[in-house]
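Comments concern the structure below.
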Amino acid sequence: MEQAAADAPGARSVPVCYRHPDRETGVRCTRCDRPICPECMVDASVGFQCPDCVRGGTPASGDTAPAPADNRPRTLAGGTLTRDPRLVTKVLIGLNLALFLVKLSLGDVFTNQLDLIGRAYAPHLTGIQGVAEGQWYRLLTSMFLHGGYVHILFNMLSLWWIGGPLEGALGRARYLTLYLVCGLAGGALTYLLAAPNQPSLGASGAIFGLFGATAVLMRRLKYEMRPVIVLLVVNLIITFGVPGIAWQAHIGGLVAGVVVGYAMIHAPRERRALIQYGACALVLLVVAVLTLVRTLQLT
(Lines give C-alpha, C1' and ligand atoms only; values in the text may rest on other atoms or scores of the structure.)
Protein backbone atom coordinates (compact mmCIF):
# COMPACT_ATOMS: atom_id res chain seq x y z
CA MET A 1 0.00 0.00 0.00
CA GLU A 2 2.81 2.40 0.85
CA GLN A 3 4.38 2.07 -2.61
CA ALA A 4 1.21 2.03 -4.64
CA ALA A 5 1.49 5.67 -5.69
CA ALA A 6 5.03 5.21 -6.88
CA ASP A 7 4.18 2.10 -8.88
CA ALA A 8 0.95 3.37 -10.43
CA PRO A 9 0.87 4.24 -14.12
CA GLY A 10 1.87 7.82 -14.80
CA ALA A 11 3.56 8.20 -11.40
CA ARG A 12 7.06 9.57 -11.00
CA SER A 13 9.78 7.25 -12.30
CA VAL A 14 11.95 7.91 -9.25
CA PRO A 15 10.75 6.11 -6.06
CA VAL A 16 9.78 8.16 -3.02
CA CYS A 17 10.65 7.48 0.60
CA TYR A 18 8.03 5.26 2.23
CA ARG A 19 8.05 7.50 5.34
CA HIS A 20 8.30 10.84 3.49
CA PRO A 21 6.32 10.61 0.22
CA ASP A 22 7.42 14.11 -0.85
CA ARG A 23 11.10 13.06 -1.08
CA GLU A 24 12.48 11.19 -4.10
CA THR A 25 15.28 8.73 -3.47
CA GLY A 26 17.34 6.11 -5.20
CA VAL A 27 18.32 4.27 -2.02
CA ARG A 28 16.50 1.21 -0.68
CA CYS A 29 16.64 -0.64 2.62
CA THR A 30 18.88 -3.69 2.29
CA ARG A 31 16.50 -5.75 4.45
CA CYS A 32 12.96 -4.89 3.27
CA ASP A 33 13.85 -3.16 -0.04
CA ARG A 34 11.63 -0.13 0.65
CA PRO A 35 12.92 3.25 -0.66
CA ILE A 36 14.37 5.52 2.05
CA CYS A 37 15.52 9.16 2.06
CA PRO A 38 18.72 10.39 3.76
CA GLU A 39 16.85 11.15 7.01
CA CYS A 40 15.65 7.54 7.24
CA MET A 41 18.94 5.91 6.24
CA VAL A 42 20.64 3.97 9.04
CA ASP A 43 24.13 2.91 8.05
CA ALA A 44 24.73 -0.85 8.08
CA SER A 45 27.75 -2.99 7.24
CA VAL A 46 26.30 -3.31 3.73
CA GLY A 47 24.18 -0.43 2.45
CA PHE A 48 21.50 1.24 4.57
CA GLN A 49 18.50 0.04 6.54
CA CYS A 50 15.21 1.75 7.32
CA PRO A 51 14.21 2.73 10.88
CA ASP A 52 11.46 0.07 11.02
CA CYS A 53 13.87 -2.76 10.27
CA VAL A 54 16.37 -1.40 12.78
CA ARG A 55 13.82 -1.03 15.58
CA GLY A 56 12.05 -4.28 14.87
CA GLY A 57 15.14 -6.29 14.08
CA THR A 58 13.49 -7.59 10.89
CA PRO A 59 15.43 -10.71 9.84
CA ALA A 60 16.86 -10.80 6.34
CA SER A 61 16.10 -13.67 3.95
CA GLY A 62 14.04 -15.53 6.57
CA ASP A 63 17.00 -15.90 8.93
CA THR A 64 15.77 -15.88 12.53
CA ALA A 65 19.18 -15.94 14.18
CA PRO A 66 20.50 -12.72 15.73
CA ALA A 67 22.71 -10.64 13.47
CA PRO A 68 26.43 -10.93 14.25
CA ALA A 69 28.06 -7.91 15.86
CA ASP A 70 29.73 -6.72 12.67
CA ASN A 71 26.39 -6.76 10.83
CA ARG A 72 24.46 -4.71 13.36
CA PRO A 73 22.90 -1.51 12.06
CA ARG A 74 25.11 1.55 12.30
CA THR A 75 24.51 5.26 12.41
CA LEU A 76 25.39 7.49 9.50
CA ALA A 77 28.92 7.93 10.89
CA GLY A 78 29.39 4.25 11.74
CA GLY A 79 28.46 4.33 15.42
CA THR A 80 26.43 1.62 17.12
CA LEU A 81 22.69 2.22 17.06
CA THR A 82 21.31 2.46 20.61
CA ARG A 83 17.88 2.55 22.23
CA ASP A 84 18.51 5.97 23.77
CA PRO A 85 20.28 8.15 21.18
CA ARG A 86 20.49 11.08 23.63
CA LEU A 87 22.09 9.32 26.60
CA VAL A 88 25.50 11.05 26.38
CA THR A 89 23.81 14.42 25.94
CA LYS A 90 21.76 13.79 29.07
CA VAL A 91 24.88 12.77 31.01
CA LEU A 92 26.76 15.89 29.87
CA ILE A 93 23.86 18.13 30.88
CA GLY A 94 23.62 16.36 34.23
CA LEU A 95 27.35 16.77 34.86
CA ASN A 96 27.22 20.48 34.04
CA LEU A 97 24.22 21.00 36.31
CA ALA A 98 25.80 19.02 39.15
CA LEU A 99 29.00 21.08 39.04
CA PHE A 100 26.94 24.27 38.89
CA LEU A 101 25.18 23.23 42.11
CA VAL A 102 28.57 22.57 43.71
CA LYS A 103 29.67 26.02 42.59
CA LEU A 104 26.58 27.59 44.16
CA SER A 105 27.33 25.74 47.37
CA LEU A 106 31.07 26.41 47.65
CA GLY A 107 31.32 29.70 45.79
CA ASP A 108 34.28 31.09 43.89
CA VAL A 109 36.81 29.08 45.88
CA PHE A 110 35.61 26.04 43.89
CA THR A 111 35.49 27.77 40.51
CA ASN A 112 38.91 29.38 40.90
CA GLN A 113 40.53 25.97 41.21
CA LEU A 114 39.12 24.64 37.95
CA ASP A 115 38.44 27.50 35.52
CA LEU A 116 40.72 28.32 32.58
CA ILE A 117 43.38 30.87 33.46
CA GLY A 118 46.77 31.36 31.85
CA ARG A 119 49.00 32.47 34.71
CA ALA A 120 47.96 34.75 37.57
CA TYR A 121 47.13 35.00 41.25
CA ALA A 122 43.61 33.72 41.88
CA PRO A 123 41.40 34.86 44.77
CA HIS A 124 41.13 32.41 47.69
CA LEU A 125 44.14 30.41 46.42
CA THR A 126 47.81 30.60 47.37
CA GLY A 127 50.56 31.17 44.84
CA ILE A 128 50.40 31.68 41.10
CA GLN A 129 47.76 29.59 39.37
CA GLY A 130 47.13 28.64 35.74
CA VAL A 131 47.82 26.33 32.84
CA ALA A 132 51.33 27.74 32.50
CA GLU A 133 52.02 26.50 36.05
CA GLY A 134 51.39 22.92 34.99
CA GLN A 135 47.65 22.92 35.71
CA TRP A 136 46.76 21.64 32.26
CA TYR A 137 43.62 19.97 33.62
CA ARG A 138 42.02 23.43 33.58
CA LEU A 139 41.61 23.09 29.80
CA LEU A 140 39.20 20.23 30.49
CA THR A 141 37.54 21.15 33.78
CA SER A 142 36.67 24.67 32.63
CA MET A 143 34.37 23.12 29.99
CA PHE A 144 31.96 21.97 32.71
CA LEU A 145 31.75 25.18 34.78
CA HIS A 146 29.36 28.12 34.39
CA GLY A 147 29.26 31.57 35.90
CA GLY A 148 25.55 32.15 36.43
CA TYR A 149 21.97 31.04 35.80
CA VAL A 150 21.64 32.64 32.36
CA HIS A 151 24.99 31.23 31.28
CA ILE A 152 24.19 27.63 32.13
CA LEU A 153 20.56 27.84 30.99
CA PHE A 154 21.50 29.09 27.53
CA ASN A 155 24.30 26.54 27.13
CA MET A 156 22.26 23.55 28.32
CA LEU A 157 19.31 24.42 26.09
CA SER A 158 21.70 24.69 23.14
CA LEU A 159 23.35 21.38 24.07
CA TRP A 160 20.00 19.61 24.23
CA TRP A 161 18.72 21.09 20.98
CA ILE A 162 21.90 20.62 18.95
CA GLY A 163 23.56 17.72 20.74
CA GLY A 164 20.69 15.22 20.82
CA PRO A 165 20.15 14.85 17.06
CA LEU A 166 23.90 14.94 16.43
CA GLU A 167 24.49 12.14 18.94
CA GLY A 168 21.90 10.06 17.11
CA ALA A 169 23.72 10.59 13.80
CA LEU A 170 27.26 9.96 15.08
CA GLY A 171 26.82 7.40 17.84
CA ARG A 172 27.84 7.78 21.46
CA ALA A 173 31.61 7.30 21.25
CA ARG A 174 32.10 9.58 18.25
CA TYR A 175 29.77 12.22 19.66
CA LEU A 176 31.53 12.34 23.03
CA THR A 177 34.92 12.47 21.31
CA LEU A 178 33.74 15.37 19.14
CA TYR A 179 32.42 17.24 22.18
CA LEU A 180 35.63 16.90 24.18
CA VAL A 181 37.96 17.66 21.27
CA CYS A 182 36.02 20.82 20.38
CA GLY A 183 35.97 21.96 23.99
CA LEU A 184 39.73 21.46 24.29
CA ALA A 185 40.32 23.29 20.99
CA GLY A 186 38.30 26.26 22.24
CA GLY A 187 40.22 26.24 25.50
CA ALA A 188 43.59 26.08 23.76
CA LEU A 189 42.81 29.07 21.54
CA THR A 190 41.58 31.01 24.59
CA TYR A 191 44.77 30.15 26.46
CA LEU A 192 46.85 31.28 23.49
CA LEU A 193 45.12 34.61 22.77
CA ALA A 194 43.41 35.79 25.94
CA ALA A 195 45.14 37.76 28.68
CA PRO A 196 46.90 35.36 31.07
CA ASN A 197 45.01 36.75 34.07
CA GLN A 198 41.59 36.54 32.38
CA PRO A 199 39.59 33.52 33.69
CA SER A 200 37.33 31.66 31.29
CA LEU A 201 34.75 28.93 31.79
CA GLY A 202 31.75 27.38 30.08
CA ALA A 203 30.67 24.71 27.60
CA SER A 204 30.35 27.20 24.74
CA GLY A 205 33.47 26.05 22.90
CA ALA A 206 32.23 22.45 22.77
CA ILE A 207 28.71 23.57 21.82
CA PHE A 208 30.01 25.74 18.98
CA GLY A 209 31.85 22.63 17.79
CA LEU A 210 28.52 20.80 17.71
CA PHE A 211 27.12 23.70 15.64
CA GLY A 212 29.92 23.22 13.11
CA ALA A 213 29.44 19.45 12.91
CA THR A 214 25.66 19.89 12.58
CA ALA A 215 26.16 22.20 9.59
CA VAL A 216 28.36 19.54 7.96
CA LEU A 217 25.73 16.87 8.67
CA MET A 218 22.88 18.94 7.24
CA ARG A 219 24.85 19.61 4.09
CA ARG A 220 25.63 15.90 3.78
CA LEU A 221 21.93 15.05 4.05
CA LYS A 222 21.01 17.88 1.64
CA TYR A 223 18.81 19.61 4.21
CA GLU A 224 17.87 23.28 4.13
CA MET A 225 20.94 25.11 5.46
CA ARG A 226 19.42 28.53 6.16
CA PRO A 227 18.12 27.78 9.70
CA VAL A 228 21.47 26.58 11.03
CA ILE A 229 23.35 29.35 9.23
CA VAL A 230 21.04 32.02 10.66
CA LEU A 231 21.39 30.53 14.14
CA LEU A 232 25.16 30.41 13.82
CA VAL A 233 25.35 34.01 12.58
CA VAL A 234 23.19 35.19 15.49
CA ASN A 235 25.45 33.40 17.95
CA LEU A 236 28.56 34.89 16.35
CA ILE A 237 27.04 38.38 16.58
CA ILE A 238 26.41 37.77 20.27
CA THR A 239 29.93 36.38 20.64
CA PHE A 240 31.61 39.53 19.32
CA GLY A 241 28.97 42.03 20.41
CA VAL A 242 28.50 41.21 24.10
CA PRO A 243 31.35 42.12 26.46
CA GLY A 244 32.84 39.41 28.65
CA ILE A 245 32.40 36.51 26.21
CA ALA A 246 35.50 34.45 25.37
CA TRP A 247 35.20 34.61 21.58
CA GLN A 248 38.40 32.56 21.26
CA ALA A 249 36.65 29.51 22.74
CA HIS A 250 33.73 29.88 20.32
CA ILE A 251 35.92 30.18 17.23
CA GLY A 252 38.31 27.43 18.30
CA GLY A 253 35.43 25.05 19.00
CA LEU A 254 33.64 25.94 15.77
CA VAL A 255 36.69 25.30 13.57
CA ALA A 256 37.43 22.02 15.33
CA GLY A 257 33.78 20.98 14.97
CA VAL A 258 33.80 21.56 11.21
CA VAL A 259 37.08 19.66 10.74
CA VAL A 260 36.24 16.69 12.96
CA GLY A 261 32.60 16.65 11.87
CA TYR A 262 33.58 16.50 8.21
CA ALA A 263 35.93 13.60 8.88
CA MET A 264 33.31 11.67 10.85
CA ILE A 265 30.46 12.22 8.41
CA HIS A 266 32.31 11.90 5.10
CA ALA A 267 34.89 9.21 5.92
CA PRO A 268 34.66 6.25 3.49
CA ARG A 269 33.36 3.12 5.16
CA GLU A 270 36.44 1.00 4.52
CA ARG A 271 38.74 3.44 6.37
CA ARG A 272 36.15 5.09 8.56
CA ALA A 273 37.65 4.64 12.05
CA LEU A 274 41.16 5.53 10.88
CA ILE A 275 40.06 8.81 9.28
CA GLN A 276 37.62 9.79 12.02
CA TYR A 277 39.89 9.27 14.98
CA GLY A 278 42.91 10.37 12.97
CA ALA A 279 41.23 13.76 12.51
CA CYS A 280 40.58 13.93 16.25
CA ALA A 281 44.22 13.10 16.94
CA LEU A 282 45.33 15.82 14.52
CA VAL A 283 43.19 18.45 16.26
CA LEU A 284 44.49 17.31 19.65
CA LEU A 285 48.03 17.65 18.34
CA VAL A 286 47.27 21.26 17.37
CA VAL A 287 45.81 21.79 20.86
CA ALA A 288 49.02 20.44 22.41
CA VAL A 289 51.21 22.66 20.22
CA LEU A 290 49.20 25.81 21.00
CA THR A 291 49.30 25.00 24.69
CA LEU A 292 53.05 24.42 24.63
CA VAL A 293 53.73 27.63 22.69
CA ARG A 294 51.68 29.73 25.11
CA THR A 295 53.28 28.05 28.12
CA LEU A 296 56.75 28.92 26.80
CA GLN A 297 55.61 32.51 26.32
CA LEU A 298 54.37 32.83 29.90
CA THR A 299 57.23 31.10 31.70
Side-chain angles (χ1 to χ4, degrees), residues 15-20 23-58 60 67 69-90 92 159-182 206-207 209-225 227-229 232 256-280 283:
V16 295
C17 175
Y18 81 96
R19 299 177 74 233
H20 302 96
R23 303 178 187 177
E24 296 182 347
T25 179
V27 179
R28 291 180 177 270
C29 174
T30 56
R31 297 177 75 88
C32 67
D33 199 41
R34 289 182 292 187
I36 48 178
C37 67
E39 181 178 344
C40 300
M41 291 161 49
V42 179
D43 202 13
S45 58
V46 178
F48 298 93
Q49 296 183 11
C50 68
D52 289 343
C53 286
V54 171
R55 282 195 299 266
T58 306
D70 58 351
N71 284 331
R72 290 174 186 167
R74 298 280 177 175
T75 65
L76 181 66
T80 303
L81 203 67
T82 58
R83 290 184 179 274
D84 186 357
R86 290 177 178 254
L87 178 62
V88 174
T89 300
K90 294 174 183 177
L92 289 172
L159 178 55
W160 178 255
W161 186 63
I162 294 290
L166 190 59
E167 180 182 349
L170 299 182
R172 290 175 181 172
R174 288 166 174 80
Y175 171 73
L176 180 60
T177 302
L178 171 72
Y179 185 90
L180 295 176
V181 168
C182 292
I207 293 172
L210 301 186
F211 269 115
T214 297
V216 174
L217 175 64
M218 293 182 68
R219 181 175 176 82
R220 163 71 171 78
L221 296 177
K222 300 184 182 344
Y223 285 179
E224 174 60 56
M225 294 291 295
V228 71
I229 291 176
L232 184 57
V258 171
V259 172
V260 175
Y262 190 91
M264 288 190 171
I265 293 167
H266 289 276
R269 189 173 302 148
E270 59 274 10
R271 297 189 304 276
R272 176 179 283 155
L274 176 63
I275 293 176
Q276 290 174 337
Y277 291 107
C280 294
V283 173

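Nothing fancy with the numbering, it's 1 onward along the sequence.
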| said: When you measure from the side chain of R86 to the backbone of W160, do you find a donor-acceptor pair of N or O atoms at a distance under 3.5 Å? | reply: yes
*Donor-acceptor contact below 3.5 Å, side chain Q276 vs main chain A77*: yes
Separation between SG (C280) and CZ (R174), nearest 0.5 Å, reads 9.5 Å
Minimal heavy-atom distance between C40 and P51, with the atoms involved, is O-CD, 3.1 Å
*Criterion side-chain contact (heavy atoms from CB on, under 4.5 Å) on Y175 and T75, from CA distance to verdict*: CA-CA 11 Å; Y175 171 73; T75 65; over 6 Å; no
With a 3.5 Å cut-off and no angle check, do the side chains of T89 and Y179 form a donor-acceptor pair?
no
Residues M225 and A215: closest non-hydrogen pair is CE-O, 3.5 Å
Margin query: Could you tell me if the side chain of V228 sits less than 4.5 Å from the side chain of Y223, heavy atoms only?
Written below: no
OG1 (T177) and CG (L180) are apart, to the nearest 0.5 Å, by 7.0 Å
All heavy atoms of D84 vs all of K90, minimum pair found to be OD2-NZ, 3.2 Å
Rounded to the nearest 0.5 Å, the CH2 atom of W161 sits from the CG atom of L210 at a distance of 12.0 Å
### Min side-chain heavy-atom separation V216-M264 under 4.5 Å
no
Between A213 and L178 the two heavy atoms that sit nearest each other are CB-CD2, 3.6 Å
ask   = Heavy atoms, side chains only, cut-off 4.5 Å: are E167 and L87 in contact?
value = yes
M218 and E224 have their tightest heavy-atom pair at CE-O, 3.1 Å
Here the gap from L76 atom CG to L166 atom CG, rounded to the nearest 0.5 Å, amounts to 10.5 Å
Output for pair (H20 NE2, I36 CD1), nearest 0.5 Å, gives 11.5 Å
Separation between CD1 (I265) and CZ (R272), nearest 0.5 Å, reads 11.5 Å
